[in-house]
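Order of appearance sets the numbers: ligands from 1, and atoms from 1 within every ligand.
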Amino acid sequence: MTKKWWHDKVAYQIYPKSFCDSNGDGIGDLPGIISKLDYLKDLGVDIIWLSPCYPSPLADQGYDISDYYNIDPRFGTMEDMERLIAEAKKRGMYILMDLVVNHCSDEHEWFKKACEDPDGKYGNFFYLRDKKEGKLPTNWRSYFGGPVWDDLPGTDKQYLHVFHKKQPDLNWENPEVREEVYKNINWWLEKGLGGFRIDAIINIKKALPLHSYEPDREDGLCSVKAMLKEAKGIGEFLGEMRDRTFKKYDAFSVGEVFDEKPEEVPDFIGDNGYFSSMFDFNETIFGQSEKGWYDAKPITPDDYRKCCFEAQKKVGDIGFLSNIIENHDEPRGVSRYIPEGDVSDQSKKMLAVLNFMLRGLPFIYQGQELGMENVPFASIDEIDDISTLDEYQVALDAGLSPEEALRIVNKYSRDNARTPMQWSDEANAGFTTGTPWLKVNPNYKTINAASQLQDPDSVRSFYKALIALRKSPEYKETVVYGALAPLWEEQHNLMAYSRKADRTLYVIGNYQNEEQSVILSSPCKKVLLNNYPDLQMEENAIRLHGYQVLILEM
Ligand code: GLC
Ligand code: CA
């Protein structure tokens, strides 16, 4: 594996709408982000991924772009963006934007032109089919519920959208579409961007000719995934995109890739892979059900360990995964991966170490470094996210009571991660002087950046120490490149592994409230990190406190 400039970095995801509001309109913005660069630098962050801030009707919170060459006025101006890139650069940091090109917004001019003249140039930018009364072109169900087909306004055709109806799919089979995408990527890279996070990319290749599949719910529809399983040849598009864009700039790219087969890993993230890296979603997707969130199976500590190790094994030293605990599409990781009732500073720190020390590039989602938790939404009216609203309905349709359905969506809602960043214990958590667009988690009085910055034992201080370890000259090589091997896999509620390069590190987490012991096969030279003030060790036997986590040099 060839070494790359970004391998030893630490990345951080910002959801601009909820990060920091500079002008009191209740919406986070680019000047707000600039004002917090020093906070991120202090934490040890090098790469910042911004969720979309392009002009958008915000039907899917910016993942529906109406102009790829601009900044939405709610988030700022192009000058703000240029200033952000420059200010980041001054601090040795890189900015990534979100590349959302499986679809655009139905308010993009391409789509408007397609409506005006469906048989013309722009009609071919989308998937259009003649409308037939009482029959859809295919029976696929959109990710956000309902059929993927809607009427193309003002015409006798229908268009395809695998996400929301305000997100028409772009036709990647059309070389003109691909040219437009590459032109846009290069335009941004010329501005000095570090690269892109690439949205929903596995959806760009459809199985042709488009056809229906076996229904998987009573609505007679089937998941888009049935079609994706059959779609062949995405590599031609992705390889072309790499060669025409990222490669020329040595840019960083991280793909939102699901369901890749083991034999495809080298194509995706090997030395000349389509992307620099891709996210590990093995833990995220665990327990998902085709029926919907209401049928999902919760993840246990042993499942979590298994998922992480499976992903590590699948990739080995072929390339670099990007490891996450949460993102803007998921509930808060501490609320999901730590058994209910056990969520504490100790267990949050344990989860941080177990994930962060895996081989790959660590990504932190805003507020994760504070141990931000899920939100107690009291009513479905407090929810904004379209996907949550759909899943709520799916749960009701399946016969759950409104209370049960709310409990389910509370658990999985994307809005858990989208509430404002908790900066301080002042009004609105210091996020805005106005009215925040989404309610603030009421626990901001106790969980906030200002108090954690003062406290050497805070979750944030612990994250900072963890990042510093990854960057320390002595341990960097091992933390970044060291081979990973599981340890004591037969022990229940224990996740442990070694990382080996020029040094050997042991990462050991007691994933439960009760104490448990491990016997080291060789003596420990040094304790590099411990989330407890003490270590109960006799000879080579360690008695771990509940949720104790250790990084040892052997
Ligand atoms: C990705 C994004 C998600 C969005 C979807 C459609 O999964 O992360 O937020 O809704 O793509 O663009
Ligand atoms: Ca604002």
Side-chain angles (χ1 to χ4, degrees), residues 13-36 49-54 56-66 68 71-77 80 96-106 108 142-145 148 160-170 196-204 224-225 228 254-259 278-279 281 284-285 288 322 324 326-331 363 365 384-391 412-418 420-421 423 428 430-438:
Q13 179 188 357
I14 288 181
Y15 197 66
K17 201 173 180 187
S18 301
F19 191 61
C20 179
D21 175 22
S22 70
N23 61 354
D25 64 358
I27 295 178
D29 46 53
L30 298 182
I33 296 173
I34 295 171
S35 74
K36 297 296 185 186
W49 151 31
L50 303 180
S51 275
C53 46
Y54 313 86
S56 164
L58 304 188
D60 185 21
Q61 293 303 354
Y63 285 90
D64 46 323
I65 298 171
S66 54
Y68 289 92
I71 298 296
D72 192 292
R74 282 167 285 203
F75 296 130
T77 61
D80 292 331
L96 310 180
M97 286 182 80
D98 215 306
L99 186 73
V100 188
V101 289
N102 171 67
H103 45 267
C104 59
S105 162
D106 66 342
H108 192 286
S142 125
Y143 289 107
F144 297 148
V148 296
L160 173 77
H161 58 88
V162 302
F163 291 95
H164 193 257
K165 65 170 189 272
K166 285 187 71 64
Q167 296 170 297
D169 280 51
L170 288 165
F196 287 93
R197 174 266 186 182
I198 299 157
D199 184 72
I201 196 69
I202 47 156
N203 294 285
I204 63 172
V224 171
K225 289 182 190 157
L228 291 178
V254 52
E256 189 193 22
V257 178
F258 290 96
D259 299 328
M278 63 185 177
F279 291 107
F281 290 122
T284 319
I285 61 175
Q288 271 183 3
S322 285
I324 58 162
E326 63 206 37
N327 64 23
H328 66 294
D329 289 331
E330 300 301 328
F363 269 74
Y365 177 71
D384 166 89
D385 169 41
I386 43 178
S387 147
T388 310
L389 298 175
D390 169 56
E391 293 284 354
Y412 295 105
S413 176
R414 310 199 290 180
D415 278 351
N416 282 304
R418 297 178 178 187
M421 174 75 175
W423 291 109
N428 302 317
F431 161 72
T432 179
T433 54
T435 308
W437 73 277
L438 190 65

- Message: Under 4.0 Å between a side-chain nitrogen and a carboxylate oxygen: does that hold for Asp259 and Lys225?
- Response: no
- Which of parallel (below 30°), tilted (30 to 60°) and perpendicular (above 60°) describes Phe19 and Trp423? perpendicular
- Note on the structure: At a 4.0 angstrom heavy-atom cut-off, ligand 1 is contacted by Asp60, Tyr63, His103, Phe144, Phe163, Gln167, Arg197, Asp199, Ala200, Glu256, His328, Asp329, Arg414, Arg418
- Message: Testing Asp60, Asn102, Val100, Val162 one by one against Gln167 for a side chain to side chain contact (heavy atoms under 4.5 Å, CB included), which residue passes?
- Response: Asp60
- Would you say the side-chain atoms of Ser51 and Tyr63 include a donor-acceptor pair closer than 3.5 Å? yes
- Under 3.5 Å donor-acceptor, Arg418 side chain and Ser18 backbone: no
- Message: Regarding Asp80 and Thr77, do their side chains bring together a donor and an acceptor under 3.5 Å, going by distance alone?
- Response: yes
- Message: Test your reading of the model: is there a side-chain donor-acceptor pair from Trp437 to the backbone of Pro420, 3.5 Å cut-off?
- Response: no
- side chain to side chain contact (heavy atoms under 4.5 Å, CB included) filter on Ser105, not counting sequence neighbours, yields Pro57, Asp64, Ser66, Glu107
- Note on the structure: Protein-derived N, O or S atoms sitting under 3.0 Å away from the Ca ion (ligand 2) total 5
- List in chain and number order the residues that pass side chain to side chain contact (heavy atoms under 4.5 Å, CB included) with Asn23, two or more places apart in sequence or in another chain; answer none if no residue qualifies. Asp21, Asp25, Asp29
